[in-house]
Amino acid sequence: MKNNDFKYVMQDMTNVYIGAKFTYDEIMNTDEVPFKLKAIISHYMLKEVAGDTTLENHIFYMKETDLSYFVYNQMKARFKLSIFKEDGHGKGKPGYVSREYRISEIVNSEELHEKMNEIIVEELHLTKLSLLSVSI
C-alpha cells in the first residue's frame, strides 16, 4: 500500500467520504473537507485525541463513554471495513469482504477488536444531512 492509499475526500450531493488513513490534523488541513466537519472535529474530537491520530486508530480505541463516540453516533457515521474471511464471498475461497459498520457496531464488537490488526479500515461515510444535525 502506498502512503496515500485511503487518504482522500469525495463528495456528492448528499454524502461525504473520507479516507480512514487521514489523521485529524490532515483532515483539518484539507480544503475539500466540509467546514462543518472541521468545526465538529475541532470542537469535540481533538479534545479527546491527538491530532496525529488516524480515523482508523481512533475507532478501535474508542469507548461508549467517549464524547467522540456520541458525536459519531449523532452524525450516523459509518465506516467501511474490509475483513478477511476464510470463505470469502461465499464461494469457499478466502478473501476480503467489505461492509459499512456503524460506530456502535465497531465499539461493541469483540470480534472486530480481536481482528483489528487484520482489518483494513477504508473510509468514513457521512451524509450531509446528518452532519448538519450536529450542533456546536
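Sequence positions, counted from 1, serve as the residue numbers for this chain. Treat the numbers as computed from the prediction; the structure is a model and nothing was measured.
What you find for Leu132 and Lys36 is that their closest heavy atoms are O-NZ, 3.8 Å. Across every non-hydrogen atom of Glu100 and Glu105, the tightest pair is O-OE1, 4.4 Å. Smallest separation of non-hydrogen atoms from Leu81 and Ile119: CB-CG2, 4.0 Å. When all heavy atoms of Thr54 and Ala20 are compared, the closest pair comes out as CB-O, 3.9 Å. In this structure, Val121 and Glu56 approach most closely via the heavy-atom pair CB-CB, 3.8 Å. Nearest heavy atom pair, residue Thr23 against residue Gly51, reads CB-O, 3.4 Å.
Separation of atoms OH (Tyr61) and OG1 (Thr53) is listed at 11.0 Å; rounding is to 0.5 Å. Taking NZ from Lys76 and CD1 from Ile103, the interatomic distance works out to 14.5 Å, rounded to the nearest 0.5 Å. To the nearest 0.5 Å, the span separating CD on Gln74 from CG on Leu131 amounts to 12.0 Å. Between atom CG of residue Asn108 and atom NZ of residue Lys63 there is a gap of 13.5 Å, rounded to the nearest 0.5 Å. Note that the CG atom of Leu129 and the CG atom of Asn15 stand 10.5 Å from one another [nearest 0.5 Å]. Here Ile18 contributes atom CD1 and Lys7 contributes atom NZ; the two are 13.5 Å apart, rounded to the nearest 0.5 Å.
Residues Leu126 and Tyr8 are members of separate hydrophobic clusters, defined by side-chain heavy-atom contacts under 4.5 angstrom among Ile, Leu, Val, Met, Phe, Trp and Tyr.
For the pair Gln11 (side chain) and Glu32 (backbone), a donor-acceptor distance under 3.5 Å is present. Side chain of Glu118 to main chain of Lys115: no donor-acceptor pair is present (N/O by atom type, distance under 3.5 Å, no hydrogens or angles). Using a distance-only test at 3.5 Å, with no hydrogens or angles considered, a donor-acceptor pair links the side chain of Glu48 to the main chain of Ser68. Between the side chain of Ser133 and the backbone N or O of Ser130 there is at least one donor-acceptor pair closer than 3.5 Å.
Residue Lys128 places its NZ atom among more than 12 non-hydrogen atoms of other residues, nucleotides or ligands, all under 6.0 Å distant. Taking a 6.0 Å sphere around CZ of Arg99, one finds it holds more than 12 heavy atoms contributed by other residues, nucleotides or ligands. Counting non-hydrogen atoms of other residues, nucleotides and ligands closer than 6.0 Å to CD1 of Ile136 gives a total above 12.
Remark: Glu122 pairs with Phe6, Lys80, Ser82, Ser98, Ile120 by the side-chain contact (heavy atoms from CB on, under 4.5 Å) rule, at least two apart or across chains. Residues meeting the salt bridge (charged side-chain N to carboxylate O under 4.0 Å, His left out) test with Glu110, sequence neighbours left out: none. Taking the ring-ring contact (aromatic ring centres under 6.0 Å, His included) definition, one finds that His113 meets it with Phe60, sequence neighbours left out.
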Problem set entry | Worked verdict on Leu112 versus Ile83 for side chain to side chain contact (heavy atoms under 4.5 Å, CB included) | CA-CA 9 Å; Leu112 292 178; Ile83 302 171; 3.4 Å; yes
Problem set entry | side chain to side chain contact (heavy atoms under 4.5 Å, CB included) between Leu46 and Ile41, intermediate numbers included | CA-CA 6 Å; Leu46 292 177; Ile41 289 170; 3.9 Å; yes
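Applying the ring-ring contact (aromatic ring centres under 6.0 Å, His included) test between His58 and each of Phe79, Tyr69, Phe22, Tyr24 identifies Tyr24 as the sole match. For the side chain to side chain contact (heavy atoms under 4.5 Å, CB included) test with Tyr72, the passing option among Leu55, Asp66, Leu67 is Leu55; the others fail.
A heavy-atom distance below 4.5 Å is found between the side chains of Leu37 and Met75.
Taking the six-membered ring where the residue is Trp, Tyr17 and His125 present parallel rings, their angle staying beneath 30° rather than reaching 60°.
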